[in-house]
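Here is the structure we will look at, set down as structure tokens.
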Amino acid sequence: MSRVYNFSAGPAVLPEEVLREAAEEMMDYRGCGMSVMEMSHRSKMFQNIIDEAEADIRQLLCIPDGYKVLFLQGGASTQFAMVPMNLMKNRVADYIITGQWAKKAWKEASIYGRANAVASSEDRTFSYIPDCSDLPIDADADYVYICENNTIYGTKYHTLPNTKGKLLVADQSSCFLSEPVDVSKYGMIYGGVQKNVGPAGVVIAIIREDLITDDVLEGTPTMLRYKIHSDAGSLYNTPPCYGIYICGKVFKWLKKMGGLEVMKQRNEEKAKILYDYLDQSSMFRGTVQEDSRSLMNIPFITGDENLDAEFVKSAKEAGLENLKGHRTVGGMRASIYNAMPKEGVETLVKFMKEFEKEHER
Ligand SMILES: *Cc1c(COP(=O)(O)O)cnc(C)c1O
């Protein structure tokens, strides 16, 4: 068996320990003679799995009592519709456009009401987070929506927007559980788990309880109502059982590692290795404005498309996989989520240094 350093933006690297454990439990989960994949979601065994997963994520994020944790499916993209269907009571919401995912969410919300784009960083290819200290927030807005870490462009909010008293809704998919979060500042947080937590398909929503009501937009399908899932403890229908089980294992791994404060330090340390090199390299450079840099997704370029392509190819041959940038941005992108070890980033930088030396004129 040989594992590569996988810099994929998602689905992405998971802790080896978690994968090994899952492999060990594949045929016979804790003496019950079957895999978690084969188990009834109404069984006591599975109830324990989902209960523990919820308790562990609550502990990791210090989720206050007045918030529900829902394990949903349909990926993060389904939330682009569920958010307005459930929360857009006045049919008005404000969106901050910091990249493709925010834009898709904004477009989806426009189907249901007046979705205002109150700020955008599209003028400079989404390479920064706009100043959100004094936005033209609509007096009728039901919420203000952000994509907190922009997976494709490698930007992150380091200060949350001033929502002027309106609810804040955040897509945290690509920074989910990468650092501590003050949940009480949000009406809702959600994350597709395939970036930092588990297998694709599962999305975890953390929602303030008073926002979970039957007062949803007319025509909202049953499966897209938070209340239905909340009342049923995320077991209204068959949930993505195996995915939830893997998420639960990742939560245990995060706890064992020391929790989110420790993860944040580790993530800062890892990102610094790459940013420091980018800042002094004469061949590679980062594409993001310094005050908006993400710890999770780091795009960089040489300025020469052919050289970029050659770099991606030779990096792959050296066991450094999935470094190609998003098709809309080009260049390279290293996604260095929680499960990417420091040695992975060190190996990447070492490889970049050698590549730079070899290609010096
Ligand atoms: C990947 C991603 C999505 C889309 O996730 P799906 O599970 O494919 O729907 C949405 N938002 C962000 C920030 C992402 O990184």
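In each ligand, atom 1 is the first atom listed, and ligand 1 is the first ligand listed.
Cation-pi geometry between Arg42 and Phe46 is not satisfied (NZ or CZ under 6.0 Å from the ring centre, within 45° of the ring normal). Stacking of Lys195 on the aromatic ring of Trp101 is recorded, both the 6.0 Å distance cut-off and the 45° axial limit being met.
Near Gly75, meaning under 4.0 Å from one of its heavy atoms, ligand 1 places the atoms 7 (O), 9 (O). Close contacts of ligand 1 with Cys147, meaning ligand atoms under 4.0 Å from a residue heavy atom, involve 13 (C).
The shell of residues lying under 4.0 angstrom from ligand 1, judged by heavy atoms, excludes Ala200.
When only non-hydrogen protein atoms are considered, atom 1 (C) of ligand 1 lies nearest to Lys195 NZ, 1.5 Å. Among protein heavy atoms, atom 8 (O) of ligand 1 sits closest to Gln194 NE2, 3.5 Å. Nearest non-hydrogen protein atom to atom 5 (O) of ligand 1 is Ala76 CB, 3.4 Å. Atom 9 (O) of ligand 1 has its closest protein heavy atom at Ser77 OG, 2.6 Å.
Remark: side-chain polar atoms of Tyr145 are not paired, donor with acceptor, to backbone N or O of Phe80 under 3.5 angstrom.
In this structure, Arg225 and Asn86 approach most closely via the heavy-atom pair CA-OD1, 3.5 Å.
A side-chain N or O of Asn338 and one of Asn267 form a donor-acceptor pair less than 3.5 Å apart.
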Next on the checklist: Go through it in stages, so that I can follow the logic: the residues are Glu356 and Ser282, the test is side chain to side chain donor-acceptor pair (under 3.5 Å), and I'd like the CA-CA distance, side-chain angles, deciding distance and then a yes or no.
Outcome noted: CA-CA 8 Å; Glu356 180 168 354; Ser282 48; 2.9 Å; yes
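Around atom 11 (N) of ligand 1, the closest heavy atom drawn from Asp171, Thr151, Asn149, Val203 belongs to Asp171.
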